[in-house]
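Here is the structure we will look at, set down as structure tokens.
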Amino acid sequence: MENIKATTLLIISGSRGAPFLQHPVSAGRVETIDMYDLDKAALRNYKALLIPMHSDQRHLVKHRARLEAFLSGGGIIIFSGHVAYPFLPELRPFIASDYRSVNDLFIYRAAEHPIWRDVLEEDLTFRKGVAGFYGRGYNPPPPNATIINTLGPKRLPIDYMYVRSSGGTVLVHSGNDFWNFALFPNDITSAARMPGQLLEWIETDMVGDAA
Amino acid sequence: MSRVDRIAILDGGTYYHHFAINTPEYRPYFDQIIYAPELDETDLNPFNALIVIDRLNPDLLRKHAAQLIDFANQGKTLVVFGEVEAHTWLPGARWVQRPTNFWWWLEPGADPGLRIVAPEHSLFRHLTLQDATWHYHGLFQPPLGASRLIVLHEEDLMDSPADGDRYDAILYEDRVSTGGRLLVTCLDPFYHHGSSFMPATTRFIAKFLEWLQVDLAQGADRE
């Protein structure tokens, strides 16, 4: 495993650790960059950039051109969180779900995707019997997006992926950082497959490669 | 006569900061929203209170600590919310991390252990203990001479050391560490309100802001 070159760059804010970084699944496969050093990062050395919930999106907007250049070179951007400031032109601000009951918080699979392979809908819907951790609203997708998971009876698009016309792949999860999901000790369900399958998908994905 | 209840709040550019600050009920309290990376380009003189919003990147606060402390030293109020590593940049703040129990409320009748220990404080004319109860990520030891307002009461601390040595504060008021007033809490209501998940946090912010504005206005009357 020592020979695997890190393919994934995770943006961090401050010194806070993420369960994902402390977990063996990410060892040697994920490197980090401070949000405010983004302009110094050699993004082309990585296949994927992970943008977490806690990101300063006003700063990302300032670096939109760098993000778009990374995508145009065949890169993958994976965003987990709620959009406030569209740091890619096709993103739209988060719309919170007006949930009234647990039914409104059920997660449904709309399309198969390697990251969610064998991840049960109920393990996304509930954590310790409580619904709502995975997502409570959505970032409206662009028209060409493939919807992967949806929320509630209105099937709101909570997870989706699209390939940009100028190259590059964007995958959006409209909730808290899913690469940390279920990685806490004694909290192992099928949802804990997501972090490892995310990295496998990044390491093998060819979708966004420039033609 | 210039107003004495002018409040500024720091914004870290995250979704939940954006959402919480712009909540229609809260927005009128803020005379200015200051994007934290631009703090050093901002004149803080017009303000009587500055709110350090919770979960702001601690690197930014360490970088701008001198400016924040200088603000307090003008006799003003610096409010510091949780998860900003205050113990690394704020005078007087000592901190111990605690494992967070996100799940205490699943047990019927569970007591998460929070207690108001200064019921005479004017804050509690606005805010109840229930408004402050969701979870906490650690505890403060306030400096000697500061006032604990909300603490965690733990049975196994019955034989606890003297006040000065105890890490138990959820919220404290410190008029000794600077020339002004520090209000320091480990609670992170803006994050949770901004994530639309915990109703107590929504009430906490509303009532805290209501109190802060009244308090600033009345404080000026006394002078």
Side-chain angles (χ1 to χ4, degrees), chain A residues 11-17 19 34-39 51-63 79-87 91-99 104-105 126-139 172 174-177 184-187, chain B residues 10-23 33-40 52-64 82-89 97 99-108 134-135 137-138 188 190-199 202:
Chain A
I11 295 178
I12 55 170
S13 299
S15 47
R16 278 184 283 255
D34 188 274
M35 168 60 69
Y36 299 114
D37 290 332
L38 193 57
D39 54 338
I51 303 182
M53 171 69 110
H54 296 281
S55 296
D56 177 351
Q57 296 180 25
R58 293 176 70 166
H59 188 73
L60 292 175
V61 167
K62 287 184 192 163
H63 293 281
F79 171 63
S80 201
H82 301 164
V83 174
Y85 306 87
F87 48 88
L91 295 177
R92 294 289 174 272
F94 179 76
I95 298 174
S97 159
D98 180 22
Y99 57 90
D104 297 329
L105 295 170
F126 295 104
R127 243 177 99 186
K128 300 198 181 193
V130 179
F133 280 91
Y134 191 67
R136 299 175 296 284
Y138 67 105
N139 301 308
V172 173
S174 310
N176 224 330
D177 303 347
F184 298 99
N186 308 318
D187 195 12
Chain B
L10 298 184
D11 168 22
T14 65
Y15 173 82
Y16 45 86
H17 290 155
H18 170 82
F19 179 90
I21 290 169
N22 290 293
T23 297
I33 299 163
I34 301 169
Y35 178 46
E38 296 171 354
L39 192 52
D40 51 5
V52 176
I53 200 165
D54 51 73
R55 302 227 178 196
L56 199 56
N57 186 331
D59 289 343
L60 291 175
L61 294 165
R62 286 186 281 266
K63 183 177 164 191
H64 297 292
E83 296 294 279
V84 297
E85 298 178 8
H87 57 287
T88 65
W89 59 270
Q97 181 104 27
T100 303
N101 180 4
F102 293 103
W103 306 99
W104 62 269
W105 49 276
L106 289 178
E107 185 185 327
W134 56 97
H135 61 247
H137 299 276
D188 54 356
F190 288 91
Y191 170 63
H192 291 292
H193 168 73
S195 305
S196 309
F197 208 21
M198 294 188 191
T202 300

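Small disclaimer: the values here were computed from a predicted structure and weren't measured.
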| task | Search all heavy atoms of B/Tyr15 against all heavy atoms of A/Val83 and return the closest pair with its distance. | result | CD1-O, 3.6 Å
| If every non-hydrogen atom of A/Gly14 is compared with every non-hydrogen atom of B/Pro58, which pair is closest and at what distance? | CA-CD, 4.3 Å
| message | Under a 3.5 Å cutoff, is there a donor and acceptor pairing between the side chains of B/Asn57 and A/Tyr36? | response | no
| request: Answer with yes or no whether the side chains of A/His82 and B/Tyr16 bring together a donor and an acceptor at under 3.5 Å. | output: no
| message | Return the CG to NE2 distance between B/Leu56 and A/His54, rounded to the nearest 0.5 Å. | response | 12.5 Å
| chain A contact via B/Leu60 - side chain, backbone, both or neither, heavy atoms under 4.5 Å | side chain
| request: Select one option (side chain, backbone, both, neither) describing which atoms of B/Phe19 are under 4.5 Å from chain A's heavy atoms. | output: neither
| query | Would one find more than 12 heavy atoms of other residues, nucleotides or ligands at under 6.0 Å from atom NZ of A/Lys62? | reply | yes
| Segment of A/Met35 engaging chain B (4.5 angstrom heavy-atom cut-off) | neither
| Taking C-beta and beyond as the side chain, do A/Asp56 and B/Thr14 meet within less than 4.5 Å on heavy atoms? | no
| task | Sort out for me which of B/Arg62, B/His18, B/His17 touches chain A most, counting heavy-atom pairs under 4.5 Å. | result | B/His18
